[in-house]
Amino acid sequence: MEPDRISPAAARRIALAAQGFGARRPDHVSPVHLRRTLDRLALHQIDSVNVLARAHYLPAFSRLGGYDRDLFDKAAWGARSQRRMFEYWAHEASLLPLNLHPLLRWRMARADRGLLRSEAMRRFATERRPEAMALLARIRSEGAMAASDVESSRTGWWEWSGAKTALEWLFYAGHVTTATRRRGFERVYDVPERVLPSAVLDLPTLDEASAHAALVERAGRALGIATAGELRDYFRLTPADASAAIARLVEEGVFRPVTVEGWPAAYLHHAAKRPRRIETQALLAPFDPLIWERARTERLFGFRYRIEIYVPAEKRRWGYYVLPFLLNEQIVARVDLKADRDGGRLLVRACHIEPGAPGTAMDRLEEELQTMATWLGLDVVAR
């Protein structure tokens, strides 16, 4: 049977709806709204850059508008009874819904066996394992610790380098998780049974193939319509693992093969909505799942986007921390933003309107910049 044909415009609307765009923003954002957004996206990527706001806060703002970031912090790092997320390696370092924990235990098991790219971490899974296990025992006995706590303890057996690496291997292997974040965003580690709800830890562990299929299904639900590479990339699976999962999901009727002009072979999630139009406006963070896969962004919007944080200043074309501006079904502008917290200003260091943008683009962008400034507790938008 020939795959269904879907127009590029329809594919774009499917992708936007799957990512939570097109719905009216709530007047007041509750914990339920935030949880639904997290469940829809399946993860919020973590990044250390804080020139505007920490990356994990921004996707929820793009979809919900101004919300209380304390709600997010409680869900991510609050008391065990309040916790709705856990940190782990998914699409890079990420905050994920608790129900994904069983789907990533295979990755923890592989790390425990030393199946890692990092040679330094592999050593803690093998010949330096006793040191890592002693550190784990210390955390279990004394309580949560950050790498700085271990490195400042210079007595006796703990006079060894690599505390951060040992802790990161313990984290990767699932022996510890993030209890909280300190000032400066330093990760504090503790054993999972003191951090995560027992109902989550008691969930059954899936075999690898079933876990891969479940992760690819979540990726497909979050993307709506996607290529095999995009489905694989969402949780950073290997091509072989993702290919087997996709074949399984097609056979089960969860995915339907489709063709989109200008795309590689693609798959439509069976629950994907197919709206006739999308009405929205949003500033998109560089690590937003709508645009983090740059080739997909070009296919969806005809918009070439690269982050230039690591490009020397004199060679940047657009700016240091540039957010695309989504208006309805187009990306119509890009703005380089910085939060001047001492001065109470949202600084617009550069603004570029895209060719073909509607005449209303600048006014709508100004509205969204003011919404962002208010959300960040800044008094004015300044240029």
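Contact check for V311 versus R316: side-chain heavy atoms found under the 4.5 Å cut-off. Two residues are said to be in side-chain contact when any heavy atoms from C-beta on lie closer than 4.5 Å; L327 and P358 meet this criterion. The shortest distance between side-chain heavy atoms of D340 and D342 falls below 4.5 Å. Side-chain contact between Y88 and S94 is absent, with no heavy-atom pair separated by less than 4.5 Å. The shortest side-chain heavy-atom distance between Q19 and P289 falls under the 4.5 Å cut-off. L326 is listed as a side-chain neighbour of T280, based on a closest heavy-atom distance under 4.5 Å. Side chains of H101 and F86 form a contact here, defined as non-hydrogen atoms less than 4.5 Å apart. Side-chain contact check for Q330 versus F325: every heavy-atom pair is 4.5 Å or farther apart.
Ring geometry for Y67 against F72 counts as tilted: the plane angle lies between 30° and 60°, on a 0 to 90° scale. Aromatic ring pairs are classed by plane angle as parallel below 30°, tilted from 30° to 60° and perpendicular above 60°; the pair Y234 and H91 is tilted.
Contact check on R256 versus D4 returns a salt bridge, with a Lys/Arg side-chain nitrogen under 4.0 Å from an Asp/Glu carboxylate oxygen. In summary, R248 and E217 do not engage in a salt bridge, as defined by a charged side-chain N under 4.0 Å from a carboxylate O. Under a 4.0 Å N-O distance rule, the pair R138/E131 does not qualify as a salt bridge. Looking at R334 and E308, no side-chain N of the basic residue comes within less than 4.0 Å of a carboxylate O on the acidic one, giving no salt bridge. Salt bridge status for R277 with E329: absent, with no side-chain N to carboxylate O gap under 4.0 Å. In summary, D288 and R294 do not engage in a salt bridge, as defined by a charged side-chain N under 4.0 Å from a carboxylate O. With respect to the salt-bridge test (charged N to carboxylate O, under 4.0 angstrom), the residues D112 and R129 qualify. Ion pairing between a basic and an acidic side chain is recognised when a charged N comes within 4.0 Å of a carboxylate O; D149 and R182 show such pairing.
Here W292 contributes atom CH2 and L284 contributes atom CG; the two are 13.0 Å apart, rounded to the nearest 0.5 Å. Of the inter-residue distances, the one linking L38 atom CG with L95 atom CG reads 8.0 Å to the nearest 0.5 angstrom. Interatomic distance, CG of N99 versus CZ of R84, reported as 11.5 Å (0.5 Å rounding). Atoms NE2 and CG, from H44 and L96 in turn, are 10.5 Å apart once rounded to the nearest 0.5 Å. Distance check: L346 CG to L337 CG gives 5.5 Å after rounding to the nearest 0.5 Å. One finds the NE2 atom of H270 at 10.0 Å from the CD atom of E252 (value rounded to the nearest 0.5 Å).
Considering F61, F287, F185 in turn, F185 is the only one that fulfils the ring-ring contact (aromatic ring centres under 6.0 Å, His included) rule with H56.
A single hydrophobic cluster is seen to contain both L103 and L201, as judged by linkage of ILVMFWY side chains at heavy-atom distances under 4.5 Å, directly or through other members. Y57 and M85 fall within the same hydrophobic cluster, defined by Ile, Leu, Val, Met, Phe, Trp and Tyr side-chain heavy atoms under 4.5 Å apart, directly or through other members. Under a hydrophobic clustering in which Ile, Leu, Val, Met, Phe, Trp and Tyr are joined whenever their side-chain heavy atoms come within less than 4.5 Å, directly or via other members, L58 and L365 fall into the same cluster.
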> Going through the distances and angles, do L16 and L290 end up as a side-chain contact (heavy atoms from CB on, under 4.5 Å)?
Replying inline: CA-CA 8 Å; L16 285 165; L290 180 66; 3.9 Å; yes

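When all heavy atoms of N328 and R364 are compared, the pair lying nearest together is OD1-NH2, 4.3 Å. Closest of all the heavy-atom pairs between V322 and P286 is O-CG, 3.9 Å. Among all heavy-atom pairs drawn from W169 and A111, the shortest one is NE1-O, 2.9 Å. A55 and D47 make their closest contact through CB-CB, 3.8 Å (heavy atoms, listed as atom of the first residue, atom of the second, distance).
When atom types are taken as modelled, the side chain of R128 and the backbone of R123 share no donor-acceptor pair closer than 3.5 angstrom. A donor-acceptor contact shorter than 3.5 Å links the side chain of H212 to the backbone of E208. Between the R54 side chain and the S48 main chain, a donor and an acceptor come within less than 3.5 Å of each other. Here the side chain of S141 pairs no donor or acceptor atom with the backbone of A137 at under 3.5 angstrom. With hydrogens and angles ignored, the 3.5 Å screen pairs a side-chain donor or acceptor of R122 with a backbone N or O of R117.
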Could you list the donor-acceptor pairs under 3.5 angstrom formed between side-chain atoms of residues 188-199 and any protein atom two or more places apart in sequence or on another chain?
{"from": "Y189", "atom 1": "OH", "to": "K164", "atom 2": "NZ", "distance (Å)": "2.8"}
{"from": "Y189", "atom 1": "OH", "to": "E168", "atom 2": "OE2", "distance (Å)": "2.4"}
{"from": "D190", "atom 1": "OD1", "to": "R194", "atom 2": "NE", "distance (Å)": "3.2"}
{"from": "D190", "atom 1": "OD1", "to": "R194", "atom 2": "NH2", "distance (Å)": "2.7"}
{"from": "D190", "atom 1": "OD2", "to": "R194", "atom 2": "NE", "distance (Å)": "3.2"}
{"from": "E193", "atom 1": "OE2", "to": "R140", "atom 2": "NH1", "distance (Å)": "2.5"}
{"from": "R194", "atom 1": "NH1", "to": "R140", "atom 2": "O", "distance (Å)": "3.0"}
{"from": "R194", "atom 1": "NH2", "to": "I139", "atom 2": "O", "distance (Å)": "2.7"}

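Of the N and O atoms on the side chains of T178 and R187, at least one donor lies less than 3.5 Å from an acceptor on the other residue. Of the N and O atoms on the side chains of D363 and T360, not one donor lies less than 3.5 Å from an acceptor on the other residue.
In the displayed structure, E261 atom CD is contacted under 6.0 Å by at most 12 heavy atoms of other residues, nucleotides or ligands.
Residue pairs meeting the ring pair (Phe, Tyr, Trp, His ring centres under 6.0 Å) criterion with at least one member in residues 334-355, sequence neighbours excluded, are W318-H352.
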